Amino acid sequence: MYIEQGYKGDLGLWKYLIIPGCFIGFMILNYIAIILSPVSVEDSMEQMIASLGSNLVLIILLVPLAVGLFVVLGWTKLVHSQSITSLTTSRKKIDWKRVFFSFGVWGLITIILTFIGIYLSPEDYLFNFKLMPFLSLALIGIILIPLQTSFEEYLFRGHMMQGLGIAAKNRWVPLVVTSVLFGLMHLGNPEVEKLGYGIMIYYIGTGFFLGIITLMDEGLELALGFHAANNLIGALLLTADWTAFQTDSLYRDVSDPILGWDVLVPVFIVFPILLIIFSKKYGWTNWKEKLTGKVLSEEEFLKLDN
């Protein structure tokens with residue numbers, strides 16, 4: 001009963017609105033600024049990297065989100081009077097084996113799919129390895145990217161999922177709302193400017209996948225591992241001049257960007273396969289109830305919890 005873990009804190013609707021409201025407001029202002037700017041996101045990123053270097057730009061992009069993680073966790077502890085464990089999972093303690101299993105599975109799949117793409121279309125990829133810049137990237141990525149991805153998970157699948165679930169008294173509302181908002185958060189990414197709004201299928205689809213594994217597994221562990229692997233392995237392996245993370249990665253995609261099958265395959269083929277793998281390993285059952293059923297009242301939950 002992951003959503004009901006929110007009852008272990010000091011409830012209050014305003015406490016669930018402040019951080020998401022500020023973050024969403026900032027995203028809206030950022031998107032408006034991008035629309036009104038005479039300079040494209042791609043050109044702006046290119047200018048920043050030329051001036052500061054890709055690693056410093058990566059730090060500038062990641063640090064505010066890494067700080068955001070500590071804001072969410074601090075808010076949970078100090079304002080909600082809720083433990084970090086109950087924000088993370090319905091289990092008695094955080095299951096790090098789940099985090100690392102999810103990280104390993106998605107990291108391996110990402111590596112395999114990347115090298116299949118390179119093998120099938122070698123002309124589209126440029127080997128970009130430079131030892132010292134890559135080592136700097138690896139250090140920055142290993143420290144900051146898990147903090148960035150954990151912030152997004154604790155905000156959307158943690159703080160907002162629990163707050164919306166308790167308010168709506170069901171599971172489907174927080175699943176839908178957090179998944180769509182997670183996708184819309186990426187509207188300002190240069191990928192959207194380059195590929196068009198069709199790329200939102202991937203972002204919103206990923207939001208639904210992360211929401212489903214959180215609800216089915218009654219905790220954030222699998223989502224935390226998946227998201228960290230997705231961003232970290234991606235940043236180390238492959239970059240392009242039109243992506244949000246432009247890094248000193250092993251390879252650079254030099255092809256003309258088009259919206260193709262690679263957007264649909266993860267959402268409609270790979271993610272369902274991952275759901276089957278996770279469900280078999282962790283014995284998931286009762287999908288309909290866990291994804292769309294009701295959330296217990298505080299009295300019902302406390303009775304069961306005791």
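Everything numeric here is computed off the predicted structure, so don't read it as measured data.
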Does the [X] side chain pair with the main chain of [Y], one donor and one acceptor, at a distance under 3.5 Å?
X    : Y    : answer
E218 : T214 : no
D217 : G219 : no
S249 : T239 : yes
E153 : L224 : no
N30  : A33  : no
Q162 : S86  : yes
R171 : G293 : no

Value for CG (L175) from CE (M216), rounded to nearest 0.5 Å, stands at 11.5 Å
Rounded to the nearest 0.5 angstrom, the OG-CH2 distance for S279 and W284 is 6.5 Å
Are E298 and K8 within salt-bridge range, i.e. N to O under 4.0 Å? no
Any heavy-atom pair between the side chains of L275 and W287 that's under 4.5 Å? yes
Are D10 and H80 packed together at the side-chain level, in the sense that at least one heavy-atom pair is separated by less than 4.5 angstrom? no
Does the pair Y202 and L264 meet the rule for a side chain to side chain contact (heavy atoms under 4.5 Å, CB included), with working shown? CA-CA 7 Å; Y202 172 75; L264 302 178; over 6 Å; no
Which pairs of donor and acceptor atoms, one on a side chain in residues 99-116, lie under 3.5 Å apart (sequence neighbours left out)?
| unit_1 | atom_1 | unit_2 | atom_2 | d |
| --- | --- | --- | --- | --- |
| S102 | OG | L222 | O | 2.7 |
| S102 | OG | F226 | N | 3.1 |
| W106 | NE1 | T110 | OG1 | 3.4 |
| W106 | NE1 | N230 | OD1 | 3.0 |
| T110 | OG1 | W106 | O | 2.7 |
| T114 | OG1 | T110 | O | 2.7 |

Does the pair T292 and N170 meet the rule for a side chain to side chain contact (heavy atoms under 4.5 Å, CB included), with working shown? CA-CA 7 Å; T292 65; N170 63 52; over 6 Å; no
For residues S54 and D248, is any side-chain donor paired with an opposing acceptor at under 3.5 Å? yes
Compute both the distance and the angle, then confirm whether R252 meets the cation-pi test with Y125: under 6.0 Å from the six-membered ring centre, within 45 degrees of the axis. no
